Amino acid sequence: MDWDKLRVFHAVAEAGSFTHAGDTLNLSQSAVSRQISALEEALQVPLFHRHARGLILTEQGESLNRTVRDVFAKLAMTEALLTESKEKPAGRLKVTTTVGFGVIWLAPRLTAFLEAYPEVSVSLLLDDAELDLAMREADVAIRMHPPKQPDLVQRHLTTLQWHICASTDYLKRYGVPQRAEELDAHKLILFGSHHPPITDVNWLAEVGRRPGNPRRAVLEVNSTHAVLLAIQSGLGIGALPDYVVQENPDLVRILTDLKGPKVDVYFVYPEELRNSKRVAVFRDFLLSRLGEIH
């Protein structure tokens, strides 16, 4: 099997069409199609079902793509390690975390990290769905729970506490609740069912209520950043983690005696990157800055 043809095959399998793969590879659609046909002829098996709306991998194509994806992932990791100096961190670091944490806390701090390590560049992939580190969809992850994959290295970074917040304008209009039960008379902003991967994120709907009888929200939104903006606009009361409250001194904390869920934050990466300098300095940077959260 020719490496160039396998590279083209992988691009087509991921893109789902000759045209989109051609755009990625800077090749014409006909050139991509010829490479795939030649590979199918060499292997004497069909790799794609062709239909009007695009391409679907055959069973044989799925099997080949799993292997090719794994090979290219390992090559990318090897390339990164080879190009990195043993003394000085260098190269691109692909970092993934949740949208809320990435937008509100991490992105504003990357200037300090990149100025300290000018030979490192960061690719920040924000997604509440978890990317596969083993398949090199990212190098490292900041996750709000322990990793489920046993082959990943993990380091506990910090524990986040949630706080009930409102805006000054909202509290002037509707009053300040003194007990959990008084939340029944207020407008709540909750994450709803499509929420970030955090346990008990909708605890504000349940606190001070009989189990199984949650409060209804005036707004449900699956974004920490959007909850913040809605609270700041005076729409209602919501719960936010430490790092958001600390970044936004205009928020007013209420019902401070009520303890929300605690969220353990982990730094996670594949075993192959254990000796990577850029991973080590980024981990240490996170530990230092997260220590400032209170």
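Quick caveat: nothing in here was measured; it's all calculated off a predicted structure.
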Test: ring-ring contact (aromatic ring centres under 6.0 Å, His included). Region: residues 210-233. Which pairs qualify, not counting sequence neighbours?
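Residue pairs with at least one partner in residues 210-233: there are none.
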
Per the side-chain contact (heavy atoms from CB on, under 4.5 Å) rule, which among Ile164, Val218, Leu183 passes with Leu188?
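Only match with Leu188 under side-chain contact (heavy atoms from CB on, under 4.5 Å): Leu183.
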
Holding to side-chain hydrogen bond (donor to acceptor under 3.5 Å, both in side chains), I want the full list of residues that pass it with Thr256, two or more places apart in sequence or in another chain.
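side-chain hydrogen bond (donor to acceptor under 3.5 Å, both in side chains) list for Thr256, sorted by chain: empty.
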
Sequence neighbours excluded, which residues qualify as salt bridge (charged side-chain N to carboxylate O under 4.0 Å, His left out) partners of [X]?
X: Arg109; value: Glu247
X: Asp264; value: none
X: Arg179; value: Glu181, Glu182

Does Tyr170 have any ring-ring contact (aromatic ring centres under 6.0 Å, His included) partners at least two apart in sequence or in another chain, and if so, which?
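Residues passing ring-ring contact (aromatic ring centres under 6.0 Å, His included) with Tyr170: Tyr174, His186.
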
Which label fits Phe285 and Phe282: parallel for a plane angle under 30°, tilted from 30 to 60°, or perpendicular past 60°?
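If you compare the ring of Phe285 with that of Phe282, the planes turn out parallel.
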
How would you list all residue pairs meeting salt bridge (charged side-chain N to carboxylate O under 4.0 Å, His left out) that involve residues 8-18, not counting sequence neighbours?
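Every pair satisfying salt bridge (charged side-chain N to carboxylate O under 4.0 Å, His left out) with a residue in residues 8-18: Glu14-Arg69.
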
I need the full list of salt bridge (charged side-chain N to carboxylate O under 4.0 Å, His left out) pairs touching residues 33-48, with sequence neighbours left out, sorted by first then second residue.
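Sorted pair list: Glu40-Arg50.
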
For Leu133, what are the other residues in its hydrophobic cluster, where any two members join if their side-chain heavy atoms are less than 4.5 angstrom apart?
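Answer for Leu133: Leu152, Tyr266, Val268.
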
All N/O donor-acceptor pairs, side-chain side in residues 111-126, below 3.5 Å, sequence neighbours left out:
residue	atom	partner	partner atom	Å
Glu119	OE2	Lys88	NZ	3.3

Lys/Arg-Asp/Glu bridge criterion (N-O < 4.0 Å) met for Asp184, Arg209
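So Asp184 pairs with Arg209 through a salt bridge.
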
Identify every side-chain donor-acceptor pair in residues 18-25 under 3.5 Å, counting partners at least two apart or on other chains, and give the distances.
residue	atom	partner	partner atom	Å
Thr19	OG1	Gln29	OE1	3.3
His20	ND1	Ser17	OG	3.2
Thr24	OG1	His20	O	3.2

What donor-acceptor contacts under 3.5 angstrom involve side-chain atoms of residues 230-240, with partners at least two apart or in another chain?
residue	atom	partner	partner atom	Å
Gln232	NE2	Asn248	OD1	3.2
Gln232	NE2	Asp250	OD1	3.4
Gln232	NE2	Asp250	OD2	3.2
Ser233	OG	Ala230	O	2.7

